[in-house]
Amino acid sequence: MSKEDADYIRNQVMEHNSWFNDCIPMIASENLMSPLAKEMLISDFADRYAEGLIGKRYYQGNIYVDKVEQRAVDLAKKIFECDFADVRPISGTVANMAVLFAYAQPGDTITTCALDQGAHISTCEFGAFGQRGVKSVNYPWKLDNMNLDVDGTAKLLREVKPKVAQFGLSVFLFPPPLKELEDTFNEVGCLVWEDCAHVLGLIAGGQFQKPFEDGVDIVSASTHKTFPGPNHGIVLGNGLSEENTKKIQHAIFPGVTSSHHLHAMAALAVTLAEMDVFGKDYAAQACKNARALGQALYERGVPVLCENLGFTRSHAIALDVTEFGKGKACAKLLEDANIICNKNMLPSDTSSVNPSGLRLGTQEMTRLGMKENEMDEVADFIARVVVKKEDPAKVKKEVTEFKHGFDTIQYCFNAGEPAYEYRKLVP
Ligand SMILES: Cc1ncc(COP(=O)(O)O)c(C=O)c1O
């Protein structure tokens with residue numbers, strides 16, 4: 001029976017691979033790894049441990065692991081223009097937990113964005129923040145520009161005087177005005193932490209924001225959203241004191257990781273090397289595509305948020321689909337047409353289960369070589385399903401045909417190799 005079980009599981013994965021070859025991928029938190037990066041996932045690194053710091057491991061057998069990790073750290077510091085990088089967190093949430101362990105005690109208050117402003121659940125009372133015993137107080141928000149109210153935020157920071165001020169979103173349309181808050185941060189004396197999970201690849205490519213120029217002290221992130229690496233995490237810092245550097249290293253291991261998934265770390269190293277070369281073009285195109293998609297949807301009668309600001313400065317756009325049946329129903333109809341996206345809360349929504357919005361990201365389509373013209377075609381497919389209520393099965397046929405024209409990954413070494421096949425790991 002067990003072989004049957006294994007065959008069943010493998011077949012489901014193959015079915016998934018095949019289905020996704022037919023789908024337009026628009027989840028703003030996902031991406032495609034390059035063939036070279038993906039190869040690392042089936043290397044012997046996948047079977048090993050390397051607890052501790054580079055050169056000071058608790059295990060033997062780490063000669064090459066140390067070299068790879070050192071190169072990853074060096075590349076990360078170069079690309080993100082900072083003086084500290086740790087590539088051991090195994091996800092964005094784990095990176096967030098490490099920052100919490102390092103710099104917040106149970107009972108502390110941290111200022112953050114709210115869930116309906118686009119924050120990630122890890123920062124909420126019922127997520128990692130709450131479970132660490134940390135209280136969150138939310139910044140005031142401006143609906144017209146989907147961003148922090150600068151004066152209100154400065155006032156809140158002066159009142160609350162948090163040890164840590166946290167920023168960063170999962171619906172991250174515009175850079176937060178951190179530079180404008182820098183004097184307040186200095187006055188309050190707080191550590192400035194930004195969760196850049198969604199926009200890490202854009203930052204790597206010189207788009208969106210330069211967190212450390214904006215006065216951020218520490219960045220946590222996933223490495224598989226706009227940054228097209230493996231499911232993994234990273235912590236970056238600049239100007240941290242020796243004490244704060246030791247605190248975060250200690251929080252990462254032994255605080256929140258033991259094995260740091262060496263195969264993923266190696267895949268991250270390869271992706272950093274690729275982003276050093278191709279990041280600029282990729283990130284610029286992803287942002288151009290998002291604005292083009294916003295415009296094309298808007299012209300087809302879909303309410304896209306922040307039309308007055310060109311919809312977005314990132315890879316993501318947010319749609320208010322209340323009049324077309326709300327987010328959940330629309331996301332399902334789109335899935336039936338092979339367009340994969342997710343329902344999302346918008347400001348003033350109280351339910352994350354039945355919210356009024358859809359979130360769309362262009363980063364994965366960009367990796368597959370799509371440009372502004374293709375965004376127009378994609379918007380047309382979406383509007384036919386959501387606005388005109390055409391039969392999704394009919395649209396699906398056209399979506400599948402369209403997608404087959406975009407089946408290889410760009411902006412990487414070995415561009416042009418199939419997106420969903422492993423190469424053989426032969427020396
Ligand atoms: C802003 C933000 N932070 C953290 C995370 C969690 O990342 P991970 O899935 O790598 O744990 C997400 C996930 O989407 C996110 O949007």
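Side chains included, hydrogens not; waters and symmetry mates left out as well; all remaining heavy atoms used. Order of listing sets the numbers, starting from 1, for every ligand and every atom in it. We number each residue from 1, following the sequence as shown. Given the structure is predicted, the values throughout are model-derived calculations rather than measurements.
By the criterion of a heavy-atom distance under 4.0 Å, the backbone of Leu169, and not its side chain, is placed next to ligand 1. At a heavy-atom cutoff of 4.0 Å, ligand 1 is contacted by the side chain of Asp195 but not by its backbone. Only side-chain heavy atoms of Ala197 come within less than 4.0 Å of ligand 1; its backbone N, CA, C and O stay farther off.
Of the N or O atoms in Ser91, one or more lie within a sub-3.5 Å distance of an N or O in ligand 1.
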Set out, in order, the CA-CA distance, both residues' side-chain angles and the distance that settles side-chain contact (heavy atoms from CB on, under 4.5 Å) for Lys396 and Asn338, then state yes or no.
CA-CA 6 Å; Lys396 176 179 175 170; Asn338 275 359; 3.7 Å; yes
Decide yes or no on salt bridge (charged side-chain N to carboxylate O under 4.0 Å, His left out) for Lys371 and Glu374, but give the supporting numbers first.
CA-CA 5 Å; Lys371 299 213 161 106; Glu374 281 76 37; over 6 Å; no
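With respect to Trp141, the side chain to side chain contact (heavy atoms under 4.5 Å, CB included) criterion is satisfied by exactly one of Asp116, Asp149, Leu148: Leu148. Just one residue in the list Thr112, Thr93, Asn96 forms a side-chain hydrogen bond (donor to acceptor under 3.5 Å, both in side chains) with Ser122, and that residue is Asn96.
Using modelled atom types, no side-chain atom of Ser136 and backbone atom of Ile110 make a donor-acceptor pair closer than 3.5 Å.
Closest to atom 14 (O) of ligand 1 among all protein heavy atoms lies Lys225 NZ, 2.7 Å. With respect to atom 16 (O) of ligand 1, the closest heavy atom belonging to the protein is Ser170 OG, 2.6 Å. Remark: minimum distance from atom 10 (O) of ligand 1 to any protein heavy atom is reached at Gly92 N, 2.7 Å. Scanning all protein heavy atoms for the shortest distance to atom 7 (O) of ligand 1 gives Ser222 OG, 3.0 Å.
Considering CD of Glu335 and CG of Asn342, their distance stands at 11.5 Å, rounded to 0.5 Å.
When every heavy atom of Lys247 is checked against every heavy atom of Ala102, the shortest pair comes out as CD-O, 3.4 Å.
Each of the following atoms of ligand 1 lies closer than 4.0 Å to a heavy atom of Thr93: 6 (C), 7 (O), 8 (P), 11 (O).
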